[in-house]
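Just so it is clear: chains get the letters A, B, ... in the order the sequence lines come, proteins before strands, and each one is counted from 1.
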Amino acid sequence: MYGFYVDTARCIGCGACVMACKDWKDVQPGEGAHWRRVTTIEAGTIPEVSLVNLSFACMHCGKPACVAVCPAGAITKRADGIVVVDRNKCIGCHYCFFACPFGVPQYGKDGTMQKCDLCVERLEAGEQPVCVAACPVGALHAGTLEALSKLAQEKVAKRLAGSTQPSVLISK
Amino acid sequence: MAIQNTWGWLVAVDLFLGGLGAGAMVAVAVIALTTGERFKSTIRFGAWASAVAIALGTLFLLIDVGKPLRALVLFRSFVNFGSWMTIGAWLLFGAILLNGLFALLWTEPVLNWVGARWKFPVEQRKVFRVILAVLGIFVNLGVALYTGLLLSTPQFRPFWHTWWLPALFVASALYTGVGLIAGYAALREHSVESRTVRNVLAGCIIALILIEAAVLYLYISNMLKASPDAARSAELLTSGALRVPFWLLVVGLGLAVPLIVFATQLGGLLKKRAAFVVPLIGLLSCLIGGWTLRYLVLSAGLPQMLASPALEQILQGVKFVP
């Protein structure tokens, strides 16, 4: 099952992953869609404050809520675990947006849903997703959950919790 | 805080018209089954109104999606019946057909046209009317239920993910539908024998208003207690950014005004001149309240805050030592 591992101790919130994705995937500028996003999470009160950057795209869930609700059958979970949307089947009803707990589905001017597909075509060519390749500090990793767990062994990496079983590991 | 507006006023129109049409058809089907042909005018109006309302609602639903023409695939294929959007599309389709056929069977010129060309004896017409009325009750109740289940099935909008929402939408569908029929009957049926039916309808409306008021109260009060996320949404209606339309249009116009109107009709307190204006006010208030209820429930459907053990751990993570 393919997924992502985000090492938040390394993430500096530069947004290189965001831009690399938009560039590689030709996500149209100005339509407000960013397949990968970085959010900054603040916690605590002065003087003990924490600031954590989290880069996230699609969670490629084990039990994707989006697949369950799509009336056009446009979203499918592949055998390798990657959740992909067929934009030629999507009718733009937005039901997947309401089903997803992470707000992943986005819509551009053409009205269809668009989201991260783990750079399927790059994986098939033996390359890393473009966001992983673009990260200057090595905070982002992609692969099977087993391989990612091994990679994150030294850090305390936990799988993001949720009833949809997101395929994302996060460490601090 | 922002309100939910991905599914906005147009979706609210679809949900409202679907509910209104469903409720109206259930009302006239029951009237037809219990009183035969005595109130043809009301039954014919209600059947046509329900077919048109559901058809219009479906049209607005199609217009609102990103790819309207492609969305017609919903009526040509049988993909993913696990999704309430798929089930709903077929329920709407079925209701439009059923209600339309039922309406045709109550329209004299059509019956005469058919009767002039094919054998269509009166007994047969009665049988078809009964069959369609019974089928119509089930399918239209399905439509009323689907408008709520569409929202309540996804798990991550706490204000929607509760049985109270479909219960409220069914109550509202029956209320607005019966309200439309009762309003029409009050305005158009004037025979002495119709007074009983009009009073029964008025009594039904009052009961439905009280039921909807109770369900609405239980829904909101349960949401205020359920979780911080659910309370955030419910508070938008009771005291937050949406409080004016909620209290004024949903509770005031939607429930209180029609209650007064139909109670005065029942009490025989209406003088001749008021007998036209007052039921009309009651009907319009009921409909405005019905649409506004759908729109506000949609607008208050905020997503739950992401809080998972992994994220919690991160939040307690890095500390900056001064």
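- Note: V65(B) leads T153(B), L61(B), V65(B), L151(B) in heavy-atom pairs under 4.5 Å with chain A.
- Both the backbone and the side chain of W7(B) come within less than 4.5 Å of a heavy atom of chain A.
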- Query: So T164(A) and F156(B), side-chain contact (heavy atoms from CB on, under 4.5 Å) or not? Walk me through it.
  - Reply: CA-CA 10 Å; T164(A) 59; F156(B) 302 105; 3.8 Å; yes
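- At a heavy-atom separation below 4.5 angstrom, chain B is approached by D110(A), G111(A), T112(A) within residues 109-141 of chain A.
- Per-residue counts of heavy-atom pairs under 4.5 Å with chain A were compared for G82(B), G66(B), G88(B), A89(B); the largest is that of G66(B).
- Between chain A and the residues L74(B), I87(B), L72(B), V73(B), the largest count of heavy-atom pairs under 4.5 Å involves L74(B).
- L150(B) touches chain A through backbone and side chain together, each having a heavy atom under 4.5 Å away.
- Heavy-atom proximity under 4.5 angstrom to chain B picks out N88(A), K89(A), C90(A), I91(A), G92(A), C93(A), H94(A), Y95(A) from residues 88-95 of chain A.
- Counting heavy-atom neighbours within 6.0 Å of Y217(B) OH, excluding the residue itself, gives a total of 12 or less.
- Using a 4.5 Å cut-off between heavy atoms, F98(A) touches chain B through backbone and side chain atoms alike.
- Screening residues 56-75 of chain B for side-chain hydrogen bond (donor to acceptor under 3.5 Å, both in side chains) gives no qualifying pairs among residues at least two apart or on separate chains.
- Within residues 61-82 of chain A, the residues having any heavy atom under 4.5 Å from a heavy atom of chain B are, by residue number, V67(A), A68(A), V69(A), C70(A), P71(A), A72(A), G73(A).
- Within a 6.0 Å sphere centred on CH2 of W9(B), heavy atoms belonging to other residues, nucleotides or ligands number 12 at most.
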